[in-house]
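When reading the values below, keep in mind they use all heavy atoms of this one structure, side chains included, and skip hydrogens, waters and symmetry mates. Quick note on labels: first sequence line is chain A, next is B, and so on, each numbered from 1.
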There are 2 protein chains.
Amino acid sequence: MENKGNFGNAASTPAARERPTLKTIAFMTGLGVTTVSRALKDAPDIGAETKERVRMVARQLGYQPNRAGVRLRTGKTNVIALVLSIDEEIMGFSSQMVFGISEVLSGTPYHIVITPHSHSKDPMLPVRYILDTGSADGVIISRIEPDDPRVRLLSERGMPFATHGRTDAGLTHPFHDFDNEAFAHKAVEKLVERGRRRIALLQPPSKLTYYAHIRIGFQTGLHDYGAEEVPLRTNTDAPLADIRDVVEVMMRSANAPDGIVCSAGSAAIAVNAGIEAAGKALGRDLDMVSKQSVPILNWIRPEIITAQEDVRHAGREMAKAVIARIDGVEPELLQSISQPTWPESGR
Amino acid sequence: MENKGNFGNAASTPAARERPTLKTIAFMTGLGVTTVSRALKDAPDIGAETKERVRMVARQLGYQPNRAGVRLRTGKTNVIALVLSIDEEIMGFSSQMVFGISEVLSGTPYHIVITPHSHSKDPMLPVRYILDTGSADGVIISRIEPDDPRVRLLSERGMPFATHGRTDAGLTHPFHDFDNEAFAHKAVEKLVERGRRRIALLQPPSKLTYYAHIRIGFQTGLHDYGAEEVPLRTNTDAPLADIRDVVEVMMRSANAPDGIVCSAGSAAIAVNAGIEAAGKALGRDLDMVSKQSVPILNWIRPEIITAQEDVRHAGREMAKAVIARIDGVEPELLQSISQPTWPESGR
DNA sequence: CATTTCTACTGTATCGTTACAGATTGCATT
DNA sequence: AATGCAATCTGTAACGATACAGTAGAAATG
């Protein structure tokens with residue numbers, strides 16, 4: 001009865017020093033490989049006592065299922081692909097997101113694989129690659145457009161995914177978003193509170209969905225608090241040097257604003273440089289409200305009024321959403337929006 | 001002669017819509033699976049014409065080898081694991097490194113997997129996990145200590161790896177490092193040039209190898225240029241609020257320094273806050289020289305004299321080193337040190 | 001007592017790839 | 001004509017896990 005079953009035809013006997021496999025456990029318990037596999041999955045047709053024994057031995061051996069074996073047989077990769085734009089933000093935006101995702105994945109068998117791309121190249125490429133090679137069980141993407149072709153493709157192919165930002169074309173899918181409308185609205189309020197009336201907006205590139213959210217929040221804010229817009233012809237994607245130059249020109253012009261709303265932390269730095277280059281100063285000639293995803297603006301220019309976007313939290317939410325989606329939860333239930341927080345100024 | 005070989009006993013015929021495998025190519029070319037496999041690897045025992053034909057069909061089908069298959073059979077994972085401390089730096093330090101690594105890996109079959117950990121927990125854990133599960137072909141680690149146990153373990157187990165920073169205990173291994181000694185030395189020079197003589201150093205935690213490099217550069221600098229050290233009792237790992245407080249106290253004290261050398265960009269922000277809290281100002285009462293890995297300090301406090309550390313470049317170098325190591329290149333040949341660059345101040 | 005049903009377990013085939021140990025063919029050599 | 005030998009090509013087994021289709025034995029049923 002000893003050493004039967006799978007070891008009958010196989011020549012090998014499990015070596016002590018190798019990484020344990022199901023075969024090792026099967027050998028040690030005297031059970032079949034199949035039984036061990038099913039026992040570890042808590043299948044209903046395995047005896048309670050047997051399960052217990054298998055689990056004990058597995059634990060003792062430090063058994064970890066071989067990923068390649070599982071993946072080959074079942075097609076499950078246990079990988080979440082994070083598609084990142086390599087020219088995203090200069091300041092740790094994406095690292096915080098990665099860490100948020102990792103936090104959630106650390107309790108699961110999932111690993112995080114970074115799939116980088118440049119947003120000057122075709123943004124479909126990384127997504128197509130993942131789909132064609134089946135190299136992930138789930139995908140996380142950002143920089144979402146209203147009718148994002150990546151979202152369409154992923155949905156079509158039935159690949160679970162979550163987005164950082166929403167679409168706006170009747171597509172239902174898991175997402176996490178920051179309430180940019182609320183941010184922009186409140187930003188205007190904060191400026192008007194300080195007696196500012198002529199306000200410029202440094203907005204995101206118009207192709208991204210949240211451009212519209214920012215615009216709406218900004219414009220209803222202007223309307224609600226009786227302020228007017230001073231046009232600013234650049235966006236948060238522009239090189240910092242360009243932003244500085246454009247702002248400098250604006251600040252030197254006859255109708256310079258007395259308030260600025262800035263949609264990205266790194267851009268706020270350039271805006272401030274432009275303001276100073278024009279001989280103006282925050283807090284004196286004008287005020288600025290900016291979103292930031294890494295809490296540093298307040299450290300350097302306490303005069304900048306900031307709203308905090310918790311990107312790490314966004315990462316957590318998206319990771320949870322993708323996993324839930326993989327587990328079959330309906331997309332409608334996997335959408336969340338987080339509110340800006342307004343830390344008391346200073347520090 | 002058609003449809004023979006592997007298709008004789010197998011019931012399946014390759015479906016058109018599925019992802020192509022070697023079997024598909026074998027079917028289309030009328031060759032055996034083994035032949036196709038060897039042809040694609042350019043093995044010497046396959047005819048030139050056959051190779052050409054196989055390559056053509058493979059290209060046409062968009063064949064990509066199944067990673068799980070390769071991994072299961074050969075043990076090669078095609079994964080480079082990047083071990084990242086989730087409490088690393090607040091500012092995009094690690095994202096830039098990730099992108100640098102990605103740049104190099106994009107031309108190879110390697111993927112990058114992030115293995116996060118907290119450096120308050122046992123730093124051996126992620127490394128042991130990778131070794132025990134064989135989940136990567138190569139590893140990249142940072143926050144290196146003089147006699148780093150991770151470096152020892154990885155070497156012992158023959159796992160290819162590269163480090164960001166050096167060890168200092170007779171261990172030979174691939175690394176990329178920033179010349180912190182040169183940085184600190186030059187930093188003192190820059191301060192003395194501006195007439196500063198009493199200099200404080202915000203140093204890295206003493207357990208990290210580059211603590212010594214910074215100290216040596218700093219002290220030889222003091223000696224060479226005839227300046228003296230004002231002690232500063234904190235380090236770059238401390239919470240920003242702590243750094244600010246300690247600096248504030250120091251700046252209020254009788255023997256406040258007239259110069260500061262700062263070993264990390266994010267810490268410089270807190271140092272500056274401390275200076276201002278004490279009612280002092282950079283450029284007037286004292287000067288500061290700081291290292292930065294993301295070029296933003298100059299944007300916000302142009303008065304801070306900065307040395308740039310190109311972390312993206314470091315990522316590239318380490319990725320190249322790991323791959324070379326995997327390919328059997330000797331570790332001695334895979335060590336590089338990059339010099340600080342001193343961008344002209346301003347903007 | 002024969003038969004069905006249920007419980008607990010097992011062998012075989014398979015995922016895609018590659019190492020290994022042959023085959024087959026044609027051609028030159030003895 | 002027999003032999004040797006490259007040059008090409010091929011089948012089989014194996015990596016580790018799991019889906020599937022069983023089997024053996026005990027217990028319940030008629």
Identify whether any heavy atom of B:G32 sits under 4.0 Å from a base atom; if not, whether one sits that close to sugar-phosphate; answer base, sugar-phosphate or nothing. sugar-phosphate
Between C:dT18, D:dC9, D:dG16, spot the one nearest the side chain of B:L22, thanks. C:dT18
For atom CG of A:L40 and atom P of D:dG16, their distance in whole Å: 16 Å
A:R38 atom CZ is separated from D:dG22 atom C1', nearest whole Å, by 13 Å
Quiz item: B:R73 side-chain donor-acceptor pair to C:dT17 base, under 3.5 Å: no
Are any of the side-chain nitrogens in B:R325 or B:E330 under 4.0 Å away from the carboxylate oxygens of its partner? no
So, does A:T50 get its side chain near the phosphate of C:dC9, meaning an N or O under 4.0 Å from OP1 or OP2? yes
Evaluate the side-chain proximity of B:V113 to B:L82: yes if any heavy-atom separation is below 4.5 Å, no if none is. no
Under 4.0 Å between a side-chain N or O of A:T34 and OP1 or OP2 of C:dG11? no
Would you mind reading off the distance between A:N66 atom CG and C:dG16 atom C1', rounded to a whole angstrom? 14 Å
Under 4.0 Å between a Lys/Arg side-chain N and an Asp/Glu carboxylate O for B:D148 and B:R150? yes
Quick one: is B:K23 getting a side-chain N or O under 4.0 Å of the C:dG16 phosphate, OP1 or OP2? no
Length of the line joining A:R19:CZ and D:dC15:C1', which is rounded to integer Å: 12 Å
When the distance from CD1 of B:I46 to P of C:dT25 is rounded to whole Å, what number comes out? 17 Å
Taking atom C1' of C:dC15 as reference, at what distance in whole Å does atom CZ of B:R71 sit? 15 Å
So if I take every side-chain heavy atom of A:V70 and compare against C:dG11, D:dG16, D:dA17, which nucleotide ends up nearest? D:dA17
Closest of D:dG16, C:dC9, D:dT18 to the A:K41 side chain is D:dT18
For A:T21, report the nucleic acid contact type (base, sugar-phosphate, nothing); a contact means any heavy atom under 4.0 Å. sugar-phosphate
Could you tell me if the ring centre of B:H173 sits under 6.0 Å from that of B:F161? yes
Would you mind reading off the distance between A:D45 atom CG and D:dT23 atom C1', rounded to a whole angstrom? 13 Å
Which nucleotide in C:dG16, D:dT18, D:dT10 has an atom nearest any side-chain atom of B:L72: C:dG16
Separation of D:dG16 atom C1' from A:R67 atom CZ, nearest Å, is 14 Å
Taking OP1 and OP2 of D:dT18, is either one under 4.0 Å from a side-chain nitrogen or oxygen of A:T74? no
Is the closest side-chain heavy-atom distance between B:D42 and B:L40 below 4.5 Å? no
